Amino acid sequence: QVQLVESGGGSVQGGGSLSVSCVASGTTITHYCMGWFRQAPGKEREFVSTFDHDGSTNYADSVKGRFTISKDNAKNTLYLQMNSLKPEDTAMYYCAAVLRYWGWIQCPSTVSTYVYWGQGTQVTVSS
């Protein structure tokens, strides 16, 4: 069983930066697809970014060039650095994990594929 606990986030003005972290326990996440997803009020949960076992990353078009995902295997921790934040980035940010299936070309971006989820951390960007 994998437990994920997010931290960080908070409130910032547009153009500012925030970072969120996700500590995993119960297993080492080396061979997991790890991802960040977000959900704004009244909207469906959506893909933000993924980090693959080999270090390859993927980003939603809406955050590309502004957000950076990273992982520290020694600390079993996933990070998301968010720069040039916009009011439309306001959402609850969730960390997610799924054991990597070797038939995947890359880590999936679909919410339903991920098995383990954190409780979420709020990011609020004011204009």
Side-chain angles (χ1 to χ4, degrees):
Q1 190 76 5
V2 179
Q3 292 84 42
L4 304 172
V5 178
E6 301 97 335
S7 62
S11 298
V12 67
Q13 282 195 326
S17 298
L18 284 173
S19 65
V20 290
S21 302
C22 170
V23 178
S25 61
T27 190
T28 56
I29 57 175
T30 306
H31 298 298
Y32 280 73
C33 280
M34 301 295 297
W36 287 102
F37 295 79
R38 66 186 182 186
Q39 188 168 17
K43 294 188 176 181
E44 293 188 350
R45 194 168 297 189
E46 65 176 10
F47 160 72
V48 174
S49 182
T50 54
F51 194 101
D52 207 339
H53 74 291
D54 61 357
S56 58
T57 59
N58 192 22
Y59 296 93
D61 288 343
S62 59
V63 307
K64 203 170 291 183
R66 300 187 297 121
F67 290 12
T68 303
I69 191 171
S70 60
K71 187 174 73 160
D72 186 331
N73 285 330
K75 295 183 178 180
N76 230 28
T77 301
L78 183 74
Y79 304 95
L80 185 68
Q81 176 65 40
M82 302 176 285
N83 298 329
S84 302
L85 282 161
K86 305 175 182 180
E88 50 264 45
D89 294 318
T90 295
M92 186 74 78
Y93 282 71
Y94 296 91
C95 174
V98 61
L99 187 61
R100 201 196 196 286
Y101 169 59
W102 301 112
W104 291 333
I105 295 173
Q106 63 181 19
C107 287
S109 58
T110 50
V111 171
S112 59
T113 305
Y114 287 79
V115 176
Y116 304 104
W117 291 86
Q119 81 288 350
T121 185
Q122 179 68 35
V123 170
T124 302
V125 185
S126 58
S127 55

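Note that this is a predicted model, so its numbers are computed, not measured. The figures here come from the full heavy-atom set of this structure, side chains too, leaving out hydrogens, waters and symmetry mates. We're numbering straight along the sequence, starting at 1.
Side-chain atoms of Gln119 never come within 3.5 Å of backbone atoms of Val5 as a donor-acceptor pair (strictly under, hydrogens ignored). Using a distance-only test at 3.5 Å, with no hydrogens or angles considered, a donor-acceptor pair links the side chain of Ser49 to the main chain of Asn58. Formation of a donor-acceptor pair under 3.5 Å by the Asp72 side chain with backbone atoms of Thr77 is not found in this model. Distance alone, capped at 3.5 Å, places no donor-acceptor pair between the Ser84 side chain and the Arg66 backbone.
Annotation: the span from Tyr59 atom OH to Phe47 atom CZ amounts to 9.5 Å, rounded to 0.5 Å. Here the OG1 atom belonging to Thr121 is positioned 9.0 Å from the CG atom belonging to Leu18, to the nearest 0.5 angstrom. Distance OG/Ser11 to CD/Gln122: 7.5 Å, rounded to 0.5 Å. For the atom pair Thr68 OG1 and Leu80 CG, the distance stands at 8.0 Å (nearest 0.5 Å). Atom OH of Tyr114 sits about 5.0 Å away from atom OG1 of Thr50, to the nearest 0.5 Å. Note that OH of Tyr32 and NZ of Lys71 are 11.0 Å apart. Values are rounded to the nearest 0.5 Å.
Using a 4.5 Å heavy-atom threshold, the side chains of Ser21 and Lys75 count as separate. Contact of the Pro108 side chain with the Tyr101 side chain is not registered, since no non-hydrogen atoms from C-beta on lie closer than 4.5 Å. Side chains of Ile69 and Met34 form no contact here, defined as non-hydrogen atoms less than 4.5 Å apart.
The ring pair (Phe, Tyr, Trp, His ring centres under 6.0 Å) analysis of residues 75-96, with sequence neighbours excluded, yields no pairs.
Here Asp89 does not pair with Lys86 in a salt bridge; the nearest charged N to carboxylate O distance is not below 4.0 Å.
Across every non-hydrogen atom of Cys95 and Glu6, the tightest pair is N-OE2, 2.7 Å.
Taking the ring centroids of Trp102 and His53, they lie under the 6.0 Å cut-off.
Listed by chain and number, the residues in a salt bridge (Lys or Arg N to Asp or Glu O under 4.0 Å) with Glu88 amount to none (sequence neighbours excluded).
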